[in-house]
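Take a look at the structure below.
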Amino acid sequence: MSSLRTRTIISSLRIFFEKNKKVIVSSAVLFAIGIILGIILAYRAVDGAFERVPRVDAETGAGKVFFISILCLVGGYGVLLIAGINNKTVFLICVPFVTLGYFLGKYSCALIGRYEGFGVINFVVIYLPFFLITFVLMMIAAANILSAGCSDYCERSSLRPSFVRTLKILAINAGCSLVLFLIIGSITGVIIVALF
């Protein structure tokens, strides 16, 4: 029974990848570009000398980071929906993926370079899973929004079908954020990331 379920899941994933190959590859490239930009800009912000950044106690706040993450998620998924309105707005699909990658790169530098051991734990246990889960869910949302073609949604109906699917994906992403930042974060402590 479980092998049949596994084969069904693998088959579904293969079909999804083949159907949305362009969206998946494009979003992964944009995400990688964002990570590189985030690392470069974080490194330049302190001239590569993280050891010269004052070593005050890390400010922690799971609730604050959770609510900021929710606001950012709503903005990111909103931009994805706007990108799916028509062929003229589809270029906006780049913004959430580059931004997500940028913050992952920036936060990885800040957490590892400035906060050392506690930062590494925060990065591995909380921030990295959040960014990777968000990337995968945003990629699925982008594929759903663009799957029928931008102009098809506008001419025939509205963005309603993709809007409902995107809201469901946003709810899943918000649930993951709640678990990572509030539940796990209350145990480990969530660093409010700052380079200065």
Side-chain angles (χ1 to χ4, degrees), residues 6 8-42 65-109 123-124 126-181 193:
T6 306
T8 305
I9 291 170
I10 291 170
S11 176
S12 298
L13 287 173
R14 188 177 296 130
I15 291 168
F16 179 80
F17 182 78
E18 288 171 5
K19 185 179 174 187
N20 301 295
K21 194 183 295 185
K22 288 181 183 177
V23 174
I24 293 168
V25 171
S26 300
S27 58
V29 168
L30 292 168
F31 186 63
I33 289 169
I35 291 171
I36 293 166
L37 284 174
I39 290 170
I40 290 170
L41 294 176
V65 175
F66 169 71
F67 286 114
I68 290 170
S69 73
I70 293 298
L71 289 174
C72 293
L73 288 175
V74 168
Y77 284 101
V79 172
L80 287 177
L81 283 171
I82 292 169
I85 290 176
N86 61 37
N87 291 328
K88 294 176 183 170
T89 59
V90 77
F91 72 93
L92 290 174
I93 206 119
C94 302
V95 175
F97 292 108
V98 172
T99 305
L100 189 68
Y102 167 77
F103 280 109
L104 175 59
K106 177 184 173 183
Y107 286 6
S108 65
C109 273
F123 179 69
V124 171
I126 297 169
Y127 281 98
L128 184 61
F130 170 75
F131 281 108
L132 293 179
I133 289 168
T134 301
F135 168 70
V136 169
L137 292 175
M138 278 192 169
M139 185 178 57
I140 293 168
N144 282 326
I145 289 168
L146 300 177
S147 64
C150 297
S151 57
D152 290 348
Y153 276 129
C154 291
E155 290 169 12
R156 279 197 236 145
S157 56
S158 65
L159 281 176
R160 193 163 173 250
S162 61
F163 180 76
V164 172
R165 282 187 222 124
T166 303
L167 279 182
K168 289 177 183 175
I169 294 170
L170 172 61
I172 293 168
N173 210 163
C176 293
S177 178
L178 179 107
V179 169
L180 289 168
F181 291 122
V193 179

| remark: Interatomic distance, CG@Leu167 vs OH@Tyr77, rounded to 0.5 Å, equals 11.0 Å
| field | Under 3.5 Å: donor-acceptor pair, side chain of Ser69, backbone of Phe66 | value | yes
| request: Supply the atom-to-atom distance Leu132 CG to Leu128 CG, rounded to the nearest 0.5 angstrom. | output: 4.5 Å
| query | Which atom pair, heavy atoms only, marks the closest approach of Leu146 to Gly84? | reply | CD2-CA, 4.3 Å
| request: Check whether any side-chain heavy atom of Leu80 sits under 4.5 Å from a side-chain heavy atom of Thr166, and report yes or no. | output: no
| task | Taking Ser177 for its side chain and Asn173 for its backbone only, find out whether a donor-acceptor pair lies under 3.5 Å. | result | no
| task | State the CD1-CZ distance between Ile145 and Phe163, to the nearest 0.5 angstrom. | result | 10.5 Å
| message | What's the separation between atom CG in Leu30 and atom CD1 in Ile93, rounded to the nearest 0.5 Å? | response | 9.5 Å
| said: For the CD1 atom of Ile15 and the CG atom of Asn20, what is their distance to the nearest 0.5 Å? | reply: 11.5 Å
| said: What I'd like to find out is whether the side chain of Ile169 reaches to under 4.5 Å of the side chain of Asn144, using heavy atoms alone. | reply: yes
| field | Pairs flagged by ring pair (Phe, Tyr, Trp, His ring centres under 6.0 Å) wherever residues 15-38 is involved - sequence neighbours left out | value | Phe31-Phe135
| said: When you measure from the side chain of Ser26 to the backbone of Val23, do you find a donor-acceptor pair of N or O atoms at a distance under 3.5 Å? | reply: no
| said: Between Phe123 and Leu104, is there a side-chain heavy-atom distance shorter than 4.5 Å? | reply: yes
| Closest heavy-atom pair and its distance - Ala174, Ile70 | CB-CD1, 3.5 Å
| For Val79 and Leu92, which heavy atoms make the closest approach, and how far apart are they? | CG1-O, 3.5 Å
| Looking at side-chain heavy atoms only, is the closest gap between Phe130 and Leu73 below 4.5 Å? | yes
| request: Would you check if Val74 and Leu170 make a side-chain contact, meaning some heavy-atom pair closer than 4.5 Å? | output: yes
| Is it true that Phe103 and Phe131 have ring centroids separated by less than 6.0 Å? | no
| said: Could you check whether any side-chain heavy atom of Met139 comes within less than 4.5 Å of a side-chain heavy atom of Ile24, counting everything from C-beta outward? | reply: yes
| Set of side chain to side chain contact (heavy atoms under 4.5 Å, CB included) partners for Val124, sequence neighbours left out | Val120
| note | Checking Ile140, Thr134, Val136 against Met138 for side-chain contact (heavy atoms from CB on, under 4.5 Å), the one that qualifies is Thr134
| task | Report yes if the distance between the aromatic ring centroids of Tyr127 and Phe181 is under 6.0 Å, otherwise no. | result | yes
